[in-house]
Amino acid sequence: MLYAPDLVYPETGNILWKKQRRRELAHEEVDEIVSAITALPMIIEPSKPIIPLAVSIAVQSGITVYDAMYVAIARIYVIKMITADKKLTDALAKTEFKHDVIWLGAWVG
C-alpha cells in the first residue's frame, strides 16, 4: 500500500503545471499523469496530526517540512519512503532518518 500526506495532490499538480509551462510536458501528458496519480491506491494522511513530527524531522535534518511530511509517514508506519530526489536522500544520509528513505535510483538499480 502507498501512504502519502494530503499535500501529495497539490504538490504533484504544481510540478506538472511547472513542467507544462516550461513546455517539458504537453497538456495531454499532464492529463494522463493526473489520471494515473489519482488512480493510485493511496492512503492519504491528513497533515494536521503529522505536522509536529514533520517539523521536528525538518529541524533536526535541515530538510523542508514538505519533505519531512513524507519521512514522518514512513516513520509512523515503519515503512520506507522511496524518492527520486537524490538531494533529499543525501541530506538525510548523515541523520537518524537515513534508514527511512530509499533513493529510487538505488532501489531500481
Side-chain angles (χ1 to χ4, degrees):
M1 187 55 66
L2 301 172
Y3 296 85
D6 53 12
L7 57 95
V8 68
Y9 295 119
E11 276 193 318
T12 302
N14 199 53
I15 291 165
L16 294 171
W17 169 79
K18 282 183 184 178
K19 289 193 169 289
Q20 195 278 326
R21 283 184 55 108
R22 293 178 186 158
R23 302 193 193 295
E24 296 172 12
L25 289 173
H27 183 75
E28 296 77 22
E29 292 172 303
V30 170
D31 288 345
E32 280 182 47
I33 295 167
V34 167
S35 292
I37 289 169
T38 57
L40 288 171
M42 282 194 277
I43 294 176
I44 303 300
E45 295 291 331
S47 297
K48 186 176 180 179
I50 300 167
I51 197 70
L53 178 57
V55 170
S56 177
I57 291 168
V59 168
Q60 291 176 58
S61 65
I63 65 173
T64 67
V65 174
Y66 295 111
D67 288 339
M69 293 289 288
Y70 295 89
V71 178
I73 289 172
R75 278 263 159 135
I76 291 166
Y77 286 99
V78 192
I79 57 174
K80 302 285 185 184
M81 174 189 155
I82 300 171
T83 180
D85 188 344
K86 181 77 165 86
K87 196 168 147 184
L88 175 61
T89 55
D90 290 346
L92 294 172
K94 295 180 179 165
T95 73
E96 68 179 273
F97 309 105
K98 65 183 172 192
H99 300 293
D100 298 308
V101 179
I102 299 173
W103 177 55
L104 183 61
W107 189 60
V108 296

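What you see is a predicted model, and the numbers here were worked out from it, not measured in a lab.
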For Ala54 and Ala68, which heavy atoms make the closest approach, and how far apart are they?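 In terms of heavy atoms, the two residues are closest at O-CB, 3.2 Å.
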Where Glu29 and Ala26 come nearest, the two heavy atoms and their spacing: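 Closest approach of Glu29 to Ala26, heavy atoms only: OE1-N, 2.6 Å.
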Indicate if [X] and [Y] have the same hydrophobic cluster label, given that clusters are the connected sets of ILVMFWY residues with side-chain heavy-atom separations under 4.5 angstrom.
| X | Y | answer |
| --- | --- | --- |
| Ile37 | Ile43 | yes |
| Ile82 | Ile79 | no |
| Ile51 | Leu7 | yes |
| Ile63 | Ile50 | yes |

Kindly indicate, with the supporting measurements, whether the criterion side chain to side chain contact (heavy atoms under 4.5 Å, CB included) is fulfilled by Leu104 and Lys86. CA-CA 8 Å; Leu104 183 61; Lys86 181 77 165 86; over 6 Å; no
Checking side-chain contact (heavy atoms from CB on, under 4.5 Å) between Glu24 and each of Arg22, Gln20, Arg21, which is the one that passes?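 Filter result, single survivor: Arg22.
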Once you round to the nearest 0.5 Å, how far does [atom1] of [X] lie from [atom2] of [Y]?
| X | Y | atom1 | atom2 | answer |
| --- | --- | --- | --- | --- |
| Leu88 | Thr64 | CG | OG1 | 7.5 Å |
| Leu92 | Met81 | CG | CE | 7.5 Å |
| Ser61 | Glu96 | OG | CD | 9.0 Å |
| Leu2 | Ile73 | CG | CD1 | 11.0 Å |
| Lys80 | Arg75 | NZ | CZ | 10.0 Å |
| Thr89 | Asp100 | OG1 | CG | 12.5 Å |

Can you check whether Asp31's main-chain N or O pairs, donor with acceptor, with Ser35's side chain at less than 3.5 Å?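 Such a contact is found between Ser35 side chain and Asp31 backbone.
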Hey, does the side chain of Asp6 reach the backbone of Ile44 with a donor-acceptor pair shorter than 3.5 angstrom?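 Judged by distance alone, no pair lies under 3.5 Å.
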Please tabulate, for the side chains in residues 8-17, all donor-acceptor contacts under 3.5 angstrom to protein atoms that are two or more places apart in sequence or on a different chain.
unit_1	atom_1	unit_2	atom_2	d
Glu11	OE1	Tyr70	OH	2.7
Thr12	OG1	Val8	O	2.6

Can you find a heavy atom in the side chain of Asp67 that is under 4.5 Å from one in the side chain of Ile57?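 Asp67 vs Ile57: side chains apart.
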Report the C-alpha separation of Leu25 and Ile33 in whole Å, then their side-chain angles, then the decisive distance to 0.1 Å, and conclude whether the side chain to side chain contact (heavy atoms under 4.5 Å, CB included) test is met. CA-CA 10 Å; Leu25 289 173; Ile33 295 167; 4.0 Å; yes
Walk me through whether Tyr77 and Met1 qualify under side chain to side chain contact (heavy atoms under 4.5 Å, CB included). CA-CA 11 Å; Tyr77 286 99; Met1 187 55 66; over 6 Å; no
